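Below, chain A is the first sequence line, B the second, and so on; all start at residue 1. These numbers come from a predicted model, not from an experiment.
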2 protein chains.
Amino acid sequence: MNILEKITQNKAAFSKSEKKVAEIILANPQTAIHSSIATLAKMSDVSEPTVNRFCRRLDTKGFPDFKLHLAQSLANGTPYVNRHVDENDSPDEYTNKIFESTMASLEVARQSIDVNVVNRVVDLLTQAQKISFFGLGASASVAHDALNKFFRFNVPVVYFEDILMQRMSCMNCSAGDVVVLISHTGRTKSLVEIAQISRMNDATVVGITSADSPLAQECSYVLSLEVPEDTDMYMPMASRIAQLTLIDVLATGFTLRRGNKFRENLKRVKDTLRGSRYDKRDG
Amino acid sequence: MNILEKITQNKAAFSKSEKKVAEIILANPQTAIHSSIATLAKMSDVSEPTVNRFCRRLDTKGFPDFKLHLAQSLANGTPYVNRHVDENDSPDEYTNKIFESTMASLEVARQSIDVNVVNRVVDLLTQAQKISFFGLGASASVAHDALNKFFRFNVPVVYFEDILMQRMSCMNCSAGDVVVLISHTGRTKSLVEIAQISRMNDATVVGITSADSPLAQECSYVLSLEVPEDTDMYMPMASRIAQLTLIDVLATGFTLRRGNKFRENLKRVKDTLRGSRYDKRDG
DNA sequence: CAAAAAATGTTAAAAAATTACATTTTTCTT
DNA sequence: AAGAAAAATGTAATTTTTTAACATTTTTTG
């Protein structure tokens, strides 16, 4: 895909002159996209058609097309070496890598989402008598965040971090209640039990978890998020961000479904916070 | 930055013919980058120089340069119509918009980060006697998440959601303690007070907040995150994700600084969780 | 070592973009 | 509302850039 990687890979297959062109482009791709074929040929010390042939060898239509591809490879976020964090990375390097891989994960997650389920779940949430958000470990903070969001909607919403509290809360569920369970792996025993308890009490259980996991099998609806395996850091990173973004999607769907009047109400909630804040002109 | 956004923004300033060109490009940017100026002129039903003038109005050197910019805007996941969620959006539309704008915000945030400060803060954290994470509202869940991460590192780490608990905790601070305060606006009164109290007790205060805010002024170090203003949904969305990613960066820096032996320890922590999970083969 | 094949360069033609200028449309003034 | 000024748009010509066709050189192979 990425043409810069492609150049590096195919380097062996290039002819002598083509290699010269490749060198120059790899050395300074930013200059390359702003040069004409004549300039680039002179820099590489080859003829213009050679540059052109070089472009075609990389499956582009010609030099202008090649520049387009190159520009895309160079575009802002495109991590051209989106590799894992390395032992010896400088702060600059690991910062960029983490941001880049987070963005990449979001892209993957986005594509894995089943919009129909999103729609169905939004439906459920808008009609719910009570909404509960539960997660453990890293997913606890996601549930916590969901509480924050839905709390503003003025709907009965519940969140507990404690396993026992979660259990007790679920035992009191009834039809019309929605329980949202968040877990990256979907293998946390106590959460699976929560799902079972909730369903026994006629609640609808929505899982934000990976497909085909034990938890997923106990849910009424599963919002599965395909997130590339978290790095070797032994900490959930990207998965959590994807879950949060999905919560954002649900919250947004919720407000859209509720309509305009509802959003005015939301604005009022926000205005209420004003008293606890320093005015903007103070800053 | 993004030329597609620029087109949308400047739309009002365009002349009649230029608007025609803008329409065509926005409608199908992918086609535009593969068209010649003649083709595009014909599609827009204007003359070629008009297209050229259109390009120059957007601060590009000319048509080819414009195409380069356009190609970059279209590259990777870059949300090309990073528009706000609209009243009548379908689930598919708002889902994509939210993911795209989240990714875009991360990109902006990434570029706004001062790596030197990151490095300095990682330094501080690795040497801290005790680390506290505090936030309120939406930022509370970010602090919660930070707790989760740093807890695994086996360092004394503290997190409270309650304002009074936060205050009390800070009063017991001493030199060598690091207090990390998280707030998007940096205008929450009680958090600013926490910063003051902490500093009076010789703790080092790190703010994850917007630059030049009241909170920022009370901090020893400020990790400022430039995040495009959150949408009209009256909920913090993108800012929170950026904060979380920054926490990931800090946590990663932390483990890198601590070295290899330390990461083995981390693996052990992870393995401990195994007992509470269903085995993979069960799935 | 010679013949074939591949690679590279030279020159010329084609395509594309840009400039200069003419014409039309719009805006403002009286 | 008429006419002048300014802005916008288009036409035609020029320049730049890219590509094609062919010639030459280099490399490979029997």
Side-chain angles (χ1 to χ4, degrees), chain A residues 3 6-74, chain B residues 3 6-74:
Chain A
I3 198 121
K6 210 168 176 179
I7 294 175
T8 328
Q9 280 173 10
N10 291 31
K11 214 166 182 180
F14 289 150
S15 73
K16 213 197 304 182
S17 305
E18 282 169 344
K19 260 179 207 148
K20 285 200 246 174
V21 180
E23 294 288 341
I24 295 290
I25 291 171
L26 288 176
N28 210 336
Q30 205 60 49
T31 309
I33 60 172
H34 291 114
S35 310
S36 73
I37 197 168
T39 315
L40 201 59
K42 201 171 285 174
M43 285 200 293
S44 317
D45 195 29
V46 298
S47 72
E48 298 176 23
T50 299
V51 176
N52 205 286
R53 285 188 278 258
F54 170 84
C55 298
R56 298 237 169 105
R57 189 171 295 261
L58 290 154
D59 303 315
T60 64
K61 276 196 72 184
F63 184 69
D65 189 40
F66 170 80
K67 284 208 290 190
L68 246 42
H69 281 265
L70 193 55
Q72 295 201 323
S73 300
L74 257 45
Chain B
I3 198 122
K6 210 167 174 179
I7 295 175
T8 328
Q9 279 173 10
N10 291 32
K11 213 165 181 179
F14 288 150
S15 73
K16 213 197 301 181
S17 306
E18 282 168 344
K19 261 179 207 148
K20 284 199 245 174
V21 180
E23 295 287 342
I24 294 290
I25 291 171
L26 288 175
N28 210 338
Q30 205 61 48
T31 308
I33 61 171
H34 292 114
S35 310
S36 72
I37 196 167
T39 316
L40 201 60
K42 201 172 285 175
M43 286 200 293
S44 317
D45 195 29
V46 298
S47 70
E48 299 175 25
T50 299
V51 176
N52 205 284
R53 284 188 279 258
F54 169 84
C55 298
R56 299 237 169 105
R57 189 171 295 262
L58 290 154
D59 303 314
T60 63
K61 275 195 74 184
F63 185 68
D65 189 41
F66 170 80
K67 283 210 288 191
L68 246 43
H69 280 264
L70 193 55
Q72 296 202 322
S73 300
L74 257 45

Separation of [X] atom [atom1] from [N] atom [atom2], in whole Å?
X	N	atom1	atom2	value
A:K42	C:dT8	NZ	P	20 Å
B:K67	C:dT18	NZ	P	10 Å
A:E18	C:dA6	CD	P	14 Å
B:F14	C:dT26	CZ	P	19 Å
A:I37	C:dA17	CD1	C1'	16 Å

For this session: Under the side chain to side chain contact (heavy atoms under 4.5 Å, CB included) rule, collect the residues that match up with A:S36, sequence neighbours excluded.
Result: A:A38, A:T39
For this session: Tell me, please, which residues at least two apart from B:D59 pass side chain to side chain contact (heavy atoms under 4.5 Å, CB included).
Result: B:K6
Seminar exercise, completed: One would report the end-axis bend of the helix from C:dC1-D:dG30 to C:dT30-D:dA1, five pairs per end and rounded to 10 degrees, as 20°
For this session: State whether the side chain of B:T60 and the backbone N or O of B:C55 hold a donor-acceptor pair below 3.5 Å, judged by distance alone.
Result: yes
Problem set entry | Point-to-point distance, once rounded to the nearest 0.5 Å, from CG of A:N52 to CD1 of A:I37 | 4.5 Å
For this session: Respond yes when some side-chain nitrogen or oxygen of A:N52 is under 4.0 Å from OP1 or OP2 of D:dT18, and no when none is.
Result: no
Side chains of [X] and [Y]: closer than 4.5 Å at any heavy-atom pair?
X	Y	value
A:F66	A:V51	no
B:D65	A:H34	yes
A:L40	A:I25	yes

Considering all heavy atoms, the nearest [X]-[Y] contact:
X	Y	result
B:P29	B:L70	O-CD2, 4.1 Å
B:M43	B:S35	CE-OG, 4.0 Å
B:A71	B:I33	N-CG2, 3.9 Å

Exercise. Got more than 12 heavy atoms from elsewhere within 6.0 Å of NZ, A:K19?
Worked result: yes
Are any protein N/O atoms closer than 3.5 Å to N/O atoms in nucleotides 26-29 of chain D? If there are, list each pair with its distance.
{"residue": "D:dT27", "atom": "OP1", "partner": "A:K16", "partner atom": "NZ", "Å": "3.2"}

Exercise. Which of these, B:R53, B:R57, B:R56, sits in a salt bridge (charged side-chain N to carboxylate O under 4.0 Å, His left out) with B:E18?
Worked result: B:R57
Exercise. Hey, what's the ring geometry for B:F14 with B:F54, parallel, tilted or perpendicular (30° and 60° as the breaks)?
Worked result: tilted
Close N/O contacts between protein and nucleotides 9-13 of chain C (under 3.5 Å):
{"residue": "C:dG9", "atom": "OP2", "partner": "A:S47", "partner atom": "N", "Å": "2.9"}
{"residue": "C:dG9", "atom": "OP2", "partner": "A:S47", "partner atom": "OG", "Å": "3.3"}
{"residue": "C:dG9", "atom": "OP2", "partner": "A:T50", "partner atom": "OG1", "Å": "3.0"}
{"residue": "C:dG9", "atom": "N7", "partner": "A:R53", "partner atom": "NH2", "Å": "3.0"}

For this session: Taking only heavy atoms on the protein side, list every residue of residues 56-66 of chain A lying under 4.0 Å from any atom of DNA chain D, sorted numerically.
Result: A:R56, A:G62, A:F63, A:P64
